[in-house]
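Here's the structure, in structure tokens; my notes come after.
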Amino acid sequence: MNESTTQIKDTTANPAPLGLLGFGMTTVLLNFHNAGFYELNSMILAMGICYGGIAQIIAGIMEWRKNNTFAATAFISYGLFWLSLVTSILLTKLGWATASSEKAMAAYLAMWGLFTGVMFIGTLRLNRALQVVFATLTILFFLLAIGDYTGAGAGFKHFTGYEGIFCGFSANYAGLAQVLNELYGRIILPLGPVQK
């Protein structure tokens, strides 16, 4: 008996740039606030919901469909990070919950730092651009946690904001590099592939 097999080719687009840019652009804008350029405002909250949150979750679901466990876990997790951060702010503003103490926020940020540190280990199998993103994000979460836990002054918080701006721009670079490299069919912006 002859058996035939049908193979379906994946012709869907690469969702990683969407996820990286959703994360990167939102991170830059929030950290402009942390660096002292402007107050926490509706623009940051809207970016956290729409681009940092929803767009990353969509990218993560698309990565899940492509059988990319690392990217699915990263994008969905960080998308939900942004939604949980905005939700915690809005619940307080609406009077529906008590504001988190600095110690509670330090615990929240430290947990995200631990998660990101382990995800950074995963990037050692991927590329240098993602290593920079995850290394600087790990540092950012721990700096934010330390700042809240110790009640750090404006100087420390502004320094943390500048580190976060660098982290966000590194994610933007990684996302845009993939877009341009795919469009031109050659390396326009190098990602620094790792020998496996």
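As the structure is a computational prediction, the values presented were derived from the model and not from experiment. Nothing fancy with the numbering, it's 1 onward along the sequence. Side chains are part of it too, since the values below use all heavy atoms of this structure and drop only hydrogens, waters and symmetry mates.
Of all the heavy atoms in Lys66 and Ala13, the pair that sits closest is CE-O, 3.0 Å. The minimum heavy-atom distance between Leu21 and Gly175, with the atom names listed, is CG-CA, 4.5 Å. Closest of all the heavy-atom pairs between Ala59 and Pro15 is CB-O, 3.6 Å. The two residues Ser88 and Leu85 come nearest to each other via the heavy atoms OG-O, 2.7 Å.
Ile76 and Val118 fall into different hydrophobic clusters, where Ile, Leu, Val, Met, Phe, Trp and Tyr are joined by side-chain heavy atoms under 4.5 Å apart, directly or via other members. Both Leu45 and Ile57 are part of a single hydrophobic cluster, where members link through side-chain heavy atoms under 4.5 Å apart. In the hydrophobic clustering of this structure, Tyr173 does not group with Val28; members are Ile, Leu, Val, Met, Phe, Trp, Tyr whose side-chain heavy atoms approach within less than 4.5 Å, directly or through other members. Side-chain heavy atoms closer than 4.5 Å link hydrophobic residues (I, L, V, M, F, W, Y) into clusters, and following such links, even through other members, never connects Leu180 to Leu18. Follow the hydrophobic side-chain contacts under 4.5 Å out from Leu91 and you never reach Leu80; the two are in separate clusters.
Listed by first then second residue, pairs satisfying side-chain hydrogen bond (donor to acceptor under 3.5 Å, both in side chains) with a partner in residues 21-33 read Asn31-Asn34, not counting sequence neighbours. For residues 174-184, the pairs satisfying side-chain hydrogen bond (donor to acceptor under 3.5 Å, both in side chains) are Asn14-Gln178, with sequence neighbours left out. For residues 44-73, the pairs satisfying ring pair (Phe, Tyr, Trp, His ring centres under 6.0 Å) are Phe70-Phe134, with sequence neighbours left out.
Distance CE/Met105 to CG/Leu144: 8.5 Å, rounded to 0.5 Å. Distance CZ/Phe75 to CD1/Ile58: 12.5 Å, rounded to 0.5 Å. Between the CD atom in Gln56 and the CG atom in Leu20 there is a gap of 8.0 Å [rounded to 0.5 Å].
Contacts of Phe81 classified as ring pair (Phe, Tyr, Trp, His ring centres under 6.0 Å), with partners at least two apart in sequence or in another chain: Tyr108, Trp112, Phe141. Evaluation of the side-chain contact (heavy atoms from CB on, under 4.5 Å) rule for Arg65 yields no partner, not counting sequence neighbours.
Side-chain contact between Ile49 and Leu83 is present, with heavy atoms from C-beta onward closer than 4.5 Å. Using a 4.5 Å heavy-atom threshold, the side chains of Leu40 and Leu30 count as touching. In this structure, Gln131 and Leu124 have side chains that are in contact, with non-hydrogen atoms separated by less than 4.5 Å. Counting heavy atoms from C-beta outward, Leu137 and Leu140 have side chains that approach closer than 4.5 Å. A heavy-atom distance below 4.5 Å is not found between the side chains of Arg125 and Val194. Residues Tyr78 and Thr116 form a side-chain contact, since some pair of their non-hydrogen atoms from C-beta on lies under 4.5 Å apart.
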- I would like to know whether Val86 and Met47 meet side chain to side chain contact (heavy atoms under 4.5 Å, CB included); could you show each step before the answer? CA-CA 10 Å; Val86 172; Met47 283 290 286; over 6 Å; no
- Message: Determine whether Tyr38 and Leu29 satisfy the following criterion, side chain to side chain contact (heavy atoms under 4.5 Å, CB included), listing intermediate values before the conclusion.
- Response: CA-CA 10 Å; Tyr38 47 68; Leu29 292 171; 3.7 Å; yes
- Query: Ile188 and Arg186: side chain to side chain contact (heavy atoms under 4.5 Å, CB included), yes or no, with the steps?
  - Reply: CA-CA 6 Å; Ile188 301 295; Arg186 61 187 172 88; 3.5 Å; yes
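A distance-only check finds a donor-acceptor pair linking the side chain of Thr136 to the backbone of Val133 [under 3.5 Å].
Heavy-atom neighbours of Asp10 CG from other residues, nucleotides or ligands within 6.0 Å: above the threshold of 12. Atom CE of Met43 has more than 12 neighbouring heavy atoms from other residues, nucleotides or ligands inside a 6.0 Å radius.
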May I have the list of side-chain donor-acceptor pairs in residues 146-171 shorter than 3.5 Å, sequence neighbours left out?
from   : atom 1 : to     : atom 2 : distance (Å)
Thr150 : OG1    : Ile146 : O      : 2.7
Thr160 : OG1    : Phe156 : O      : 3.0
Ser170 : OG     : Cys167 : O      : 2.6

